[in-house]
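Every number for a ligand or one of its atoms is a count from 1 in the order of the listing.
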Amino acid sequence: PEWPKNGGISFLDVSASYESSSEPILKDINLEIKPGEMVAICGRTGSGKSSLVSTILRMLELDNGSITIDGIDISTIPRHKIRSRLNTLPQEPFFLPGDVRLNIDPLENKDDDEIIEALEGVGLWDYFKSKSGLDEELVDDTLSNGQRKLFCLARARCTSSSILIIDEATSSVDSETEELMQKIIRTKFKDQTIISIAHKLYTILDFDKVAVLDKGRLVEYDAPQAL
Ligand code: ATP
Ligand code: MG
C-alpha cells in the first residue's frame with residue numbers, strides 16, 4: 001500500500017499558528033504515536049485539540065519543529081495528498097452535492113457491493129434501499145444528525161488508510177447510535193492508528209494513551225489508568 005503504510009506519527013518540538021493568529025496556538029508539542037495505537041486528545045474548550053489534529057492535515061503553519069508520518073516530514077507532502085490519504089471523521093459532517101455513491105466514494109475506488117456493505121455496517125442501507133439506493137441524491141437536510149455521523153463512518157470505511165482522525169462532536173447523537181459508532185470504530189478500524197478528540201471519559205478507557213492539552217501545551221501523555 002501507499003504512504004502512510006504503518007501510521008506512526010511524531011511531533012517534534014512543534015509550535016504552530018493560524019495565518020490570522022499573532023501568537024502560537026500550539027506550543028512545544030512532543031508526541032510519539034506508534035502504528036496501530038489508539039490515542040485520545042483531551043482538554044478544555046479552546047485548549048487546542050482541533051488545532052492539534054489540524055496540524056496533521058497541514059491546516060496550520062508550523063513556526064517551529066516538524067511532524068512526521070511514517071518517518072516522512074509532512075511539510076514535503078502536498079496538502080491534497082495528505083487529506084486524501086488520512087481518514088477523518090469531522091466534528092461537522094459534510095456532503096458533496098450529488099448522490100450516495102459519490103459521497104461515500106468520491107475517488108471512485110470502490111464497487112457498489114463494497115459501498116453497500118459499508119452502509120449495511122452502519123445500519124443505513126435499509127434506509128437508502130427503500131429510496132433510490134446508491135443513486136439517492138443527498139440534499140442538505142435529508143439525514144438526521146446521527147445518520148450523518150454514521151454516513152461519515154461508512155465513508156471512512158471505504159477510504160483505505162492506516163490513520164483515522166476523529167473530532168468527536170459535543171452535540172451528541174443518541175446513546176444507541178453512539179454505542180454503535182464506538183463498536184464500529186473498535187472492530188472495523190482495529191488495525192489503524194486512531195486519534196480521537198474525546199469529550200466523554202467513558203469512551204476512552206480502553207485507549208492506549210491520552211494526551212491532555214492545556215492552553216496549547218501538552219501537559220500529560222500517558223495510559224488512561226495512569227491519569
Ligand atoms: P473545543 O473543545 O471547543 O472544540 P479545541 O480544544 O478544539 O476547543 P481549538 O479549536 O483548537 O480548541 O482552538 C484553540 C485556539 O485556537 C483557540 O484560542 C481558538 O480561538 C484558536 N483558533 C481556532 N481556530 C482558529 C482559526 N481558524 N483561526 C485563528 N484562531 C483559531
Ligand atoms: Mg475542537
Side-chain angles (χ1 to χ4, degrees), residues 9-33 37-69 74-75 77-80 82-84 86-95 145-146 148-153 155-156 161 163-175 177-178 181-182 185 189 192-205 207-224 227:
I9 304 171
S10 299
F11 283 65
L12 183 68
D13 295 332
V14 169
S15 294
S17 33
Y18 290 95
E19 255 169 54
S20 57
S21 57
S22 50
E23 57 174 300
I25 296 293
L26 297 172
K27 297 163 195 138
D28 301 325
I29 306 279
N30 284 287
L31 193 60
E32 174 90 34
I33 300 172
E37 275 188 332
M38 284 179 92
V39 174
I41 314 286
C42 299
R44 309 177 74 137
T45 182
S47 59
K49 303 180 298 295
S50 296
S51 303
L52 183 86
V53 299
S54 298
T55 59
I56 302 173
L57 302 170
R58 288 195 57 201
M59 283 154 65
L60 279 79
E61 294 297 320
L62 295 200
D63 303 310
N64 186 52
S66 60
I67 299 171
T68 60
I69 300 181
I74 62 169
S75 68
I77 297 172
R79 288 188 170 82
H80 69 87
I82 296 179
R83 285 167 208 176
S84 66
L86 305 194
N87 236 335
T88 53
L89 285 184
Q91 210 160 354
E92 293 297 331
F94 61 92
F95 295 95
N145 198 32
R148 293 162 80 90
K149 287 256 153 193
L150 291 166
F151 193 96
C152 288
L153 207 47
R155 176 191 285 155
S161 179
I163 297 173
L164 175 66
I165 294 174
I166 304 168
D167 201 338
E168 196 178 272
T170 30
S171 61
S172 57
V173 295
D174 66 41
S175 56
T177 304
E178 183 177 317
M181 293 185 66
Q182 298 292 345
I185 289 164
F189 297 88
Q192 301 189 19
T193 302
I194 297 176
I195 302 173
S196 180
I197 294 177
H199 297 274
K200 295 172 190 147
L201 268 183
Y202 65 86
T203 64
I204 60 163
L205 293 173
F207 275 51
D208 297 300
K209 295 270 181 61
V210 183
V212 182
L213 292 175
D214 183 28
K215 301 189 189 79
R217 290 183 190 278
L218 182 67
V219 292
E220 304 256 23
Y221 189 47
D222 214 332
L227 299 179

For residues 209-221, tabulate all N or O donor-acceptor pairs below 3.5 Å that involve a side-chain atom, not counting sequence neighbours.
| residue | atom | partner | partner atom | Å |
| --- | --- | --- | --- | --- |
| Arg217 | NH1 | Asp28 | OD2 | 3.3 |
| Tyr221 | OH | Glu32 | O | 3.1 |

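- Considering backbone and side-chain N/O of Ile25, none are found under 3.5 Å from N/O of ligand 1.
- Nearest protein heavy-atom contact of atom 3 (O) of ligand 1 is Thr45 OG1, 2.4 Å.
- Atom 17 (C) of ligand 1 has Gly46 O, 3.9 Å as its closest protein atom, hydrogens excluded (heavy atom only).
- Within the structure, every pair that satisfies the salt bridge (charged side-chain N to carboxylate O under 4.0 Å, His left out) test and touches residues 38-62, not counting sequence neighbours, is listed here: Glu61-Arg79.
- Here the side chains of Ile197 and Ser50 are in contact, with some heavy-atom distance below 4.5 Å.
- Atoms of ligand 1 found under 4.0 Å from any heavy atom of Arg44, numbered from 1 in the order shown, are 6 (O).
- The Mg ion (ligand 2) has Ser50 OG as protein N, O or S atoms under 2.8 Å away.
- The distance from the CG atom of Leu150 to the CG atom of Asn145 is 10.0 Å, given to the nearest 0.5 Å.
- Exactly one of Asn87, Thr88, Leu89, Ile166 qualifies for a side-chain contact (heavy atoms from CB on, under 4.5 Å) with Cys152. That residue is Leu89.
- Side-chain atoms of Asp63 and Ser15 form no donor-acceptor pair, as typed in the model, at a separation below 3.5 Å.
- Among the atoms of Ser21, none of the N or O lies under 3.5 angstrom from an N or O of ligand 1.
- Contacts between Ser47 and ligand 1, counted as non-hydrogen atom pairs separated by less than 4.0 Å, involve both the backbone and the side chain.
- Side-chain contact of Ser51 with Tyr18: a donor-acceptor pair under 3.5 Å is present, judged by distance alone.
- Remark: ligand 1 atoms within the under-4.0 Å shell around heavy atoms of Ser20 are 28 (N), 29 (C).
- For the side-chain contact (heavy atoms from CB on, under 4.5 Å) test with Ile195, the passing option among Leu86, Ile56, Leu31 is Ile56; the others fail.
- Residue Leu201 places its CG atom among 12 or fewer non-hydrogen atoms of other residues, nucleotides or ligands, all under 6.0 Å distant.
- For Thr177, the side chain to side chain donor-acceptor pair (under 3.5 Å) partners are Asp174, not counting sequence neighbours.
- Look at Glu19 and you'll find every heavy atom at least 4.0 Å from all atoms of ligand 1.
- At least one protein heavy atom sits closer than 4.0 Å to atom 29 (C) of ligand 1.
- Inclusion of Ser50 in the set of residues having an N or O under 3.5 Å from an N or O of ligand 1 is warranted.
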Query - Steps toward side chain to side chain contact (heavy atoms under 4.5 Å, CB included) verdict (Glu178, Thr203) - result: CA-CA 10 Å; Glu178 183 177 317; Thr203 64; 3.6 Å; yes
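- For Glu168 (side chain) and His199 (main-chain N/O), a donor-acceptor pair under 3.5 Å exists by modelled atom type.
- Nearest-residue assignment for atom 12 (O) of ligand 1 (options Ser51, Gly48, Pro24, Gly216; heavy-atom criterion): Gly48.
- The closest protein non-hydrogen atom to atom 22 (N) of ligand 1 is Tyr18 CE1, 3.4 Å.
- Distance remark: protein heavy atom not present below 4.0 angstrom from atom 20 (O) of ligand 1.
- Among Thr55, Thr68, Asn30, the one residue that satisfies the side-chain contact (heavy atoms from CB on, under 4.5 Å) test with Phe11 is Thr55.
- What sits closest to atom 2 (O) of ligand 1 on the protein, heavy atoms only, is Lys49 NZ, 2.7 Å.
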